[in-house]
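Here is the structure we will look at.
We count ligands from 1, going down the list as the structure has it; atoms in each ligand are counted the same way.
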Amino acid sequence: MAVVSMSAGGQAGRRRLYHVVSTLDFGREDVERLMDKAEQLRTESRERLRRRLEGAVVASLFYEPSTRTRLSFEAAVTRLGGRTLGAENARENSSAKKGESLADVFRVVGCYADAIVVRHHETDEIARALPVSPVPVINAGAGSGEHPTQALLDVYTIRRELGQVDDLSVCVIGDLKYGRTVHSLLRTLAYFRGVRVTLVYPQSLGLPDGLRAELAATGLIIRRETDFRQALRSADVIYQTRIQRERLLDPAEAREAEAFHILPEHLADLQPHARILHPLPRVSEIHPAVDDDERAAYFRQAENGLYMRMALLDDILGGVER
Ligand code: ASP
């Protein structure tokens with residue numbers, strides 16, 4: 001686990017995270033600390049917030065498209081008083097186009113910035129380049145692998161909406177094969193007690209075998225449900241996802257997923273306290289008429305991303321001498 005214990009900001013021995021490339025880089029205790037911090041930061045004055053990362057420079061390198069992740073990270077750095085250096089569309093607009101490796105980019109950008117936030121199209125590239133980075137690296141989405149900061153904000157949203165994460169029934173729908181947010185969320189839910197997961201997915205888009213085995217070994221209770229409406233009825237949390245068309249080998253794989261779209265008529269099936277989450281962007285898997293229902297939590301979830309990313313950056317960089 002990439003956690004170092006150090007004395008910072010007058011808090012002797014406080015734990016803080018360093019690299020956050022996989023959900024395995026944090027544990028339950030870290031998740032709880034970050035959720036508490038996110039909650040605290042949403043009430044802190046703009047002026048106090050600005051002192052937390054004063055003088056810090058954070059590079060944001062996006063080799064794949066992004067809206068929420070990139071902008072919420074950049075907003076988080078700015079609100080905390082730091083500055084961002086950016087390469088948006090880095091696959092085209094950076095030296096990646098000339099064939100430069102990510103490892104070389106980390107070596108160089110690590111001389112300009114105090115931390116690197118990076119999204120990459122290759123699943124293992126960030127982890128491969130990590131050992132040479134002179135500064136902390138935060139994975140903002142790695143191919144069809146992991147998206148650990150999304151999992152943090154997802155779990156934070158569940159706690160904010162329902163008051164707890166333990167003992168909930170979570171129904172995850174859609175592209176479980178390529179959906180990196182699903183992989184990170186399930187790994188993070190495994191840190192909690194008594195969570196029951198129901199999976200609803202097209203036959204060819206189930207969890208990768210390795211992940212399924214890994215999760216089974218953690219004791220997380222997982223089962224498949226083929227009756228979509230029954231799955232909706234029994235869930236406390238419904239986590240809907242987009243089919244990752246850009247990663248599909250055969251677009252026909254996506255067609256089966258249409259049976260799992262959440263439509264206004266499904267709202268009557270949901271428990272009164274249930275919540276619908278979605279990492280966004282939404283395409284057609286949640287009908288827009290669902291948005292006005294109080295149980296649709298996905299836009300609040302996107303807002304929570306700002307506070308969770310502020311908490312994470314403060315955890316990694318706050319109180320560090322610069
Ligand atoms: N925004 C999320 C991601 O980057 C979810 C998605 O694209 O479907 O993985």
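- Distances between N or O atoms of Thr181 and those of ligand 1 include no value under 3.5 Å.
- Here Arg51 pairs with nothing under the side chain to side chain donor-acceptor pair (under 3.5 Å) rule; sequence neighbours left out.
- Judged by the shortest distance from any of its heavy atoms, Arg119 lies inside the 4.0 Å radius around the atoms of ligand 1.
- Contact annotation: Pro281 has at least one heavy atom less than 4.0 Å from an atom of ligand 1.
- A donor-acceptor contact under 3.5 angstrom links the side chains of Ser60 and Glu74, judged on distance only.
- If you number the atoms of ligand 1 from 1 as listed, the ones under 4.0 Å from a heavy atom of Gln244 come out as 6 (C), 8 (O).
- Near His147, with a cut-off below 4.0 Å to any heavy atom, the atoms of ligand 1 are 3 (C), 4 (O), 9 (O).
- The hydrophobic cluster around Val108 extends to Val57, Leu85, Tyr112, counting ILVMFWY residues whose side-chain heavy atoms fall within less than 4.5 Å of a member.
- Ranking the protein heavy atoms by distance from atom 7 (O) of ligand 1 puts Arg242 NH2, 2.9 Å first.
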Evaluate the criterion salt bridge (charged side-chain N to carboxylate O under 4.0 Å, His left out) for residue pair Lys37 and Asp315; output intermediate values, then yes/no.
CA-CA 9 Å; Lys37 173 65 74 75; Asp315 198 76; 5.3 Å; no
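- Given atom 4 (O) of ligand 1, the protein heavy atom at minimum distance is Arg180 NH2, 2.8 Å.
- Salt-bridge annotation for Arg160 and Glu39: present, with a side-chain N of the basic residue lying under 4.0 Å from a carboxylate O of the acidic one.
- Counting heavy atoms from C-beta outward, Thr181 and Tyr239 have side chains that approach closer than 4.5 Å.
- Remark: distances from the non-hydrogen atoms of Gln150 to ligand 1 are all 4.0 Å or more.
- Among the atoms of Pro279, none of the N or O lies under 3.5 angstrom from an N or O of ligand 1.
- A salt bridge links Glu125 with Arg128: the distance from a Lys NZ or Arg NE/NH1/NH2 to an Asp or Glu carboxylate oxygen falls below 4.0 Å.
- At least one heavy atom of Leu280 sits closer than 4.0 Å to an atom of ligand 1.
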